**Student:** 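One structure follows; several queries about it will come next.
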There are 2 protein chains.
Amino acid sequence: MKEHLHKISLFVKNLDNEVLSVVQTISTTKHVKKGEYLLRHDEVCRHSYWIEQGVLRKFYVHEGKEHTTELLFENDIAVSLASYSLQKPGREYIQAITEAVVSQTDFASFQTAKKVYPQLMELDLLMTEYHAVWLEKRLYEFHTLDATQRYKLLLQEHPHILHTVPLTYIASYLGISLETLSRIRAKI
Amino acid sequence: MKEHLHKISLFVKNLDNEVLSVVQTISTTKHVKKGEYLLRHDEVCRHSYWIEQGVLRKFYVHEGKEHTTELLFENDIAVSLASYSLQKPGREYIQAITEAVVSQTDFASFQTAKKVYPQLMELDLLMTEYHAVWLEKRLYEFHTLDATQRYKLLLQEHPHILHTVPLTYIASYLGISLETLSRIRAKI
DNA sequence: CGAGGCCTTGACCGCGGTCAATGCCCGTGG
DNA sequence: CCACGGGCATTGACCGCGGTCAAGGCCTCG
């Protein structure tokens with residue numbers, strides 16, 4: 001995963017200034033309050049959000065229960081791919097779990113820009129590949145690790161997570177109940 | 001998912017003839033025997049395989065046990081993304097579970113072609129988006145459906161699967177043991 | 001006819017879920 | 001300043017899905 005991110009940031013570093021400034025012009029900075037929603041169930045995801053500060057989560061609701069699919073930190077990009085890529089309503093919510101500052105890019109403008117600047121098309125491809133590999137990793141972890149191992153791994157990858165993300169969301173992200181997470185923590 | 005596939009096939013239909021013929025020249029047809037491997041653990045995935053005929057599976061081995069991550073049929077594309085996108089060794093195997101005919105495209109040649117023909121870059125993006133959305137769907141199903149529901153859904157989506165894919169692989173793909181699958185089938 | 005691959009069936013167990021009670025922290029108002 | 005209420009987390013009792021191990025059935029092919 002690290003290598004993938006490195007490849008992307010290298011690519012961004014080498015982007016033409018013209019391309020960079022185009023991206024600037026189609027993006028706007030947005031301040032988000034804790035608890036605020038950037039996307040709701042059944043809405044079309046018309047923006048991607050580059051997180052400058054703060055923490056977001058993505059989740060859906062199934063049988064009255066929230067399932068957190070992603071926890072997003074600085075420099076991550078928040079987007080509900082299924083909804084975004086086809087511009088049709090999706091099931092996911094995107095919510096700020098701390099105060100946050102995001103740079104929001106409009107889908108339609110970005111589509112247009114991609115046609116004009118193939119570099120942006122390539123960037124989009126790189127980021128989508130990254131996301132797909134990340135999803136494969138997540139599936140892999142669910143199939144090969146038990147709840148305790150997944151929790152330990154999460155702590156390793158995000159040492160500060162306990163300071164910013166409530167245990168409820170962490171449990172949900174790990175695919176376990178809050179009670180089970182509590183027992184795991186007591187046992188360690 | 002259907003809509004995504006439709007969007008892709010529409011895109012392919014509208015490709016310039018020049019682009020199509022370029023893709024032809026960097027692809028070669030390959031006949032694969034039942035049981036044969038197209039990719040092994042620790043190898044670099046240097047090709048993508050467009051399946052013209054037959055069935056493939058993708059899997060990895062963890063603690064001596066095979067985990068099937070994907071079952072691939074006609075018109076699917078087999079590629080081990082983590083290995084392919086960074087051209088580094090990966091954990092996945094790709095194996096034919098019936099006799100098969102695939103059109104194999106070389107990674108390096110395709111990279112070059114993408115730089116020359118932005119349409120191919122866009123096509124690659126569309127296919128990668130599709131794969132990512134598919135992965136999200138798979139995660140969703142694991143978190144919201146029990147083993148029986150997943151089995152029924154699989155039968156719905158691939159009515160002929162029982163004729164071509166051994167139950168061992170189906171169980172593995174569903175993330176359950178062969179015994180559990182057997183009990184589910186007895187119960188239905 | 002015998003051997004091996006594939007699947008089924010049975011007995012047992014453990015991880016993680018649910019429900020419910022309790023604990024703890026903190027902000028607000030009397 | 002303390003008391004109370006609400007949100008978040010912990011703990012306990014119990015249960016069920018799906019795993020494991022082991023035995024047995026059933027084809028197919030040599």
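Worth saying up front: this structure is predicted, and the values here are computed from it rather than measured. Reminder, nothing fancy here: chain letters follow the sequence lines and each chain counts from 1.
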**Student:** Suppose the criterion is salt bridge (Lys or Arg N to Asp or Glu O under 4.0 Å): which pairs have a residue in residues 19-42 of chain A, not counting sequence neighbours?
**Tutor:** none
**Student:** Taking ring pair (Phe, Tyr, Trp, His ring centres under 6.0 Å) as the definition, give me every residue that meets it alongside B/H62, ordered by chain and number, with sequence neighbours left out.
**Tutor:** none
**Student:** Less than 4.0 angstrom from a charged side-chain N to a carboxylate O is my criterion; do A/E157 and A/K137 meet it?
**Tutor:** yes
**Student:** Do the side-chain N or O atoms of A/S182 get closer than 4.0 angstrom to the phosphate oxygens (OP1, OP2) of D/dA9?
**Tutor:** no
**Student:** For residues 126-135 of chain B, please give each side-chain donor-acceptor pair under 3.5 Å, one per line with the distance, not counting sequence neighbours.
**Tutor:**
{"residue": "B/T128", "atom": "OG1", "partner": "B/D124", "partner atom": "O", "Å": "2.8"}

**Student:** Is any side-chain heavy atom of B/L162 closer than 4.5 Å to one of B/L167?
**Tutor:** yes
**Student:** Within residues 152-170 of chain A, which residues have any heavy atom lying less than 4.0 Å from an atom of DNA chain C?
**Tutor:** none
**Student:** So how far is it from B/R183 CZ to B/L178 CG, rounded to the nearest 0.5 Å?
**Tutor:** 9.5 Å
**Student:** Might you work through the side chain to side chain donor-acceptor pair (under 3.5 Å) test for A/K152 and A/Q149, ending with a clear yes or no?
**Tutor:** CA-CA 5 Å; A/K152 284 183 174 169; A/Q149 293 172 314; over 6 Å; no
**Student:** Using a cut-off of less than 4.0 Å, is there contact between a side-chain N or O of A/S177 and OP1 or OP2 of C/dG16?
**Tutor:** no
**Student:** Walk me through whether B/H47 and B/Y84 qualify under ring pair (Phe, Tyr, Trp, His ring centres under 6.0 Å).
**Tutor:** CA-CA 8 Å; B/H47 304 278; B/Y84 183 83; 9.0 Å; no
**Student:** Using a 3.5 Å distance criterion without hydrogens, assess whether the side chain of A/Y49 forms a donor-acceptor pair with backbone atoms of A/L38.
**Tutor:** yes
**Student:** Could you check which of D/dT20, D/dA9, C/dG16 has an atom nearest any side-chain atom of A/A147?
**Tutor:** C/dG16
**Student:** Tell me every residue that passes side-chain hydrogen bond (donor to acceptor under 3.5 Å, both in side chains) with B/S80, counting only those two or more places apart in sequence or in another chain.
**Tutor:** B/E92
**Student:** Find the distance B/R150:CZ to D/dG18:P and express it as a whole number of Å.
**Tutor:** 7 Å
**Student:** Starting at CG of B/L174 and ending at P of D/dG19, how long is that distance when rounded to a whole Å?
**Tutor:** 10 Å
**Student:** Could you list the protein-to-nucleotides 25-27 of chain D atom pairs, N/O on both sides, closer than 3.5 Å?
**Tutor:**
none

**Student:** Between the side chains of A/S27 and A/T105, does any donor sit under 3.5 Å from an acceptor?
**Tutor:** yes
**Student:** About how many Å separate NZ of A/K58 and NE2 of A/H67, when rounded to the nearest 0.5 Å?
**Tutor:** 15.5 Å
**Student:** Side-chain contact, heavy-atom cut-off 4.5 Å: B/L139 with A/L139?
**Tutor:** yes
**Student:** Can you tell me how far CG of B/L72 sits from CD1 of B/I51, rounded to the nearest 0.5 angstrom?
**Tutor:** 4.5 Å
**Student:** Give the nucleotide from the list D/dT10, C/dG16, C/dT8 with an atom nearest to the side chain of B/R185.
**Tutor:** C/dT8
**Student:** Using whole Å, report how far NZ of B/K187 lies from P of C/dT9.
**Tutor:** 13 Å
**Student:** To which residues is B/L145 joined in a hydrophobic cluster, defined by side-chain heavy-atom contacts under 4.5 Å among Ile, Leu, Val, Met, Phe, Trp and Tyr, whether direct or through other members?
**Tutor:** B/L153
**Student:** Output a table of nitrogen or oxygen pairs between the protein and nucleotides 20-25 of chain C separated by less than 3.5 Å.
**Tutor:**
none

**Student:** Polar pairs (N or O, both sides) under 3.5 Å between protein and nucleotides 11-14 of chain C?
**Tutor:**
{"residue": "C/dA11", "atom": "N6", "partner": "B/R183", "partner atom": "NH2", "Å": "3.4"}

**Student:** Tell me, with the steps shown, if B/T112 and B/S109 meet side chain to side chain donor-acceptor pair (under 3.5 Å).
**Tutor:** CA-CA 5 Å; B/T112 311; B/S109 313; over 6 Å; no
**Student:** Please confirm whether the ring centroid of A/F73 lies under 6.0 Å from the ring centroid of A/H158.
**Tutor:** yes
**Student:** Rounded to whole angstroms, how far apart are CG on A/L178 and P on D/dC8?
**Tutor:** 10 Å
**Student:** Can you list the other members of the hydrophobic cluster that holds A/Y60, where links are side-chain heavy atoms under 4.5 angstrom apart?
**Tutor:** B/Y140
**Student:** Rounded off to whole Å, could you give me the CZ-to-C1' distance for the A/F142 and C/dC15 pair?
**Tutor:** 15 Å
**Student:** Would one find more than 12 heavy atoms of other residues, nucleotides or ligands at under 6.0 Å from atom CG of B/N14?
**Tutor:** yes
**Student:** Between atom CG in A/L181 and atom P in C/dG16, what is the gap in whole Å?
**Tutor:** 12 Å
**Student:** Return the value, rounded to whole Å, for the distance between atom OH of B/Y151 and atom C1' of C/dC7.
**Tutor:** 12 Å
**Student:** Strictly below 4.0 Å, heavy-atom distances to any atom of DNA chain C: list the hits from residues 63-72 of chain A, or just say none.
**Tutor:** A/K65
**Student:** Check nucleotides 28-30 of chain D for protein N or O atoms closer than 3.5 Å to its own N or O atoms and list the pairs.
**Tutor:**
none

**Student:** How many Å lie between CG on A/L145 and C1' on C/dG16, as a whole number?
**Tutor:** 15 Å
